[in-house]
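Side-chain atoms are counted along with the backbone in the values below, which use heavy atoms only and exclude waters and symmetry mates. All residue numbers in this chain count up from 1 along the given sequence. Note that ligands are numbered from 1 as they come in the structure, with each ligand's atoms numbered from 1 the same way.
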Amino acid sequence: MTEQLAASLDRLGTETAFETLARARALEAQGRRIIHLEIGEPDFPTAPHIVEAAAKALRDGHTHYCAAPGLPALREAAAAYLSRSRRLEIDPGRVLVAPGAKPFLFFGVLAACDPGDEVIYPNPGFPIYESVIRWAGATPVPLPLVEERGFAFSAGDLAERLTPRTKLVILNSPANPTGGIVDRALNAEIAKLLADHDCWILSDEVYSELLYDDEHDTIAGHEGLLDRTILLDGFSKTFAMTGWRLGYAALPPAFVEPVTRLMINSVSCTPPAVQLAGVAALEGPFDSVREMLAEFRRRRDVVVPGLNALPGVTCVVPRGAFYAFPNITGTGLGARELAEALLADAGVALLSGTAFGEYGEGYLRLSYATALDQIEEALDAIAQTLGSLQPQP
Ligand SMILES: Cc1ncc(COP(=O)(O)O)c(C=O)c1O
């Protein structure tokens, strides 16, 4: 029997966070103590009223297949939440539900792009963007996020990359891995640029509730763009529900049927009891979301000064999400090399900036969705390892 697999698999990337987590767990299985700053998930439990809604749904017999686009109750709750939080009019008919926000990245890009199309995407950015662009046979066009601008890009940077072949522009605010944002002024400039360009937009807003001082702004709210934007959001980050696998998107009407078809071809539907938990989450109360954000702020205010105190390391203050993205060029070490050394020597699992694209060289990503005492312990261990490492000539 041949062992030859599809050549197209070479185009499919991955998310290093899961690989690093597996390596860290393997070290733990050998008895090593590891502090986990690699995976991007809140360390809080899901709020009890959400858990109870799912338990009740299971007891009530919501244990079967359901409609592929999502339960009407969740499509309506998500449309109401998006309309409320973004000050938009979103019709439930354009909202689809999936097992996580991630499927909308995959299906959105597959539905929008043919081979030869160009897709502009943030870099350093969530690695799945580049992976699915390549998988669709489209050409990834990285849009560098620049530290000096607080990890934003300028409208000029975007304008330079727009061509007649640009089919899709991906935006992510607040951003993984940098904690940067696309603010209202930049969105207004982007909207002006895109008014003359016949392309789709994918706006990944899964961290929209995790903003420290700014108000969230969506590109979909700018003139003429709602019908061109796949606006995706989810429950993983906002409601500490990563393991539930639940997300939703408001799509341009042309995408609703094809993306539903992609779901029928892959996942069929999203578990109904999980969806009913999602309804409870969106209906509130939001107290646990606010408490979680307050705790992330406390941790951010420890981790950023802690990183800035390390030799050769500087770190800008993230405006959203729960990631710090320190510049480590002053250590004289490469990002991968340092990430490896910190796992091996300091027992701290974190990610190289290069896991998020070529413009991530010179940076590390630390998730501070971890208890404060562990963050402090990690900072001490990193300081010790840095002190013992000799920079390569
Ligand atoms: C920017 C971004 N988009 C999407 C996702 C996927 O979220 P979900 O768990 O809802 O699939 C993540 C998860 O890390 C993310 O960081």
In the protein, which heavy atom is nearest to [atom], and how far is it?
atom	answer
atom 2 (C) of ligand 1	D204 OD2, 3.3 Å
atom 7 (O) of ligand 1	A101 CB, 4.0 Å
atom 13 (C) of ligand 1	K237 NZ, 2.9 Å
atom 9 (O) of ligand 1	S236 OG, 2.6 Å
atom 12 (C) of ligand 1	F126 CZ, 3.4 Å
atom 11 (O) of ligand 1	R245 NH2, 2.8 Å

If you measure every N/O of [X] against every N/O of ligand 1, is any gap under 3.5 Å?
X	value
Y207	yes
N172	no
T242	no

**OP:** Mark yes when over 12 heavy atoms from residues, nucleotides or ligands other than R336 sit less than 6.0 Å from its CZ; otherwise mark no.
**Re:**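 It does not: R336 CZ has 12 such atoms or fewer within range.
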Original post:
Looking only at heavy atoms, what is the nearest atom pair of H216 and P174, with distance?
Top reply: ND1-CD, 4.2 Å
Under a 4.0 angstrom heavy-atom cut-off, which atoms of ligand 1 come close to [X]?
X	value
G100	10 (O), 11 (O)
K102	11 (O)
Y129	1 (C)

Subject >> Side-chain donor-acceptor pair present, N123, Y129, cut-off under 3.5 Å >> reply: no
Original post:
How about E38 and S367: does a side-chain donor come under 3.5 Å of a side-chain acceptor?
Top reply: no
**OP:** With R300 as the cation and Y212 as the aromatic partner, state whether NZ or CZ is under 6.0 Å from the six-membered ring centre and within 45° of the axis.
**Re:**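 Verdict for Y212: a cation-pi partner in R300.
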Ignoring hydrogens and angles, write down the donor-acceptor pairs under 3.5 Å from the side chains of residues 248-264, residues two or more places apart or on other chains.
{"unit_1": "E257", "atom_1": "OE1", "unit_2": "R261", "atom_2": "NH2", "d": "2.9"}
{"unit_1": "E257", "atom_1": "OE2", "unit_2": "R261", "atom_2": "NE", "d": "2.8"}
{"unit_1": "T260", "atom_1": "OG1", "unit_2": "V256", "atom_2": "O", "d": "2.6"}

Original post:
Does the pair R33/E377 count as a salt bridge with the N-to-O cut at 4.0 Å?
Top reply: yes
Original post:
Can you list every pair that meets side chain to side chain donor-acceptor pair (under 3.5 Å) and has a residue in residues 186-200, with sequence neighbours left out?
Top reply: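 Side chain to side chain donor-acceptor pair (under 3.5 Å) check on residues 186-200 returns N187-D217.
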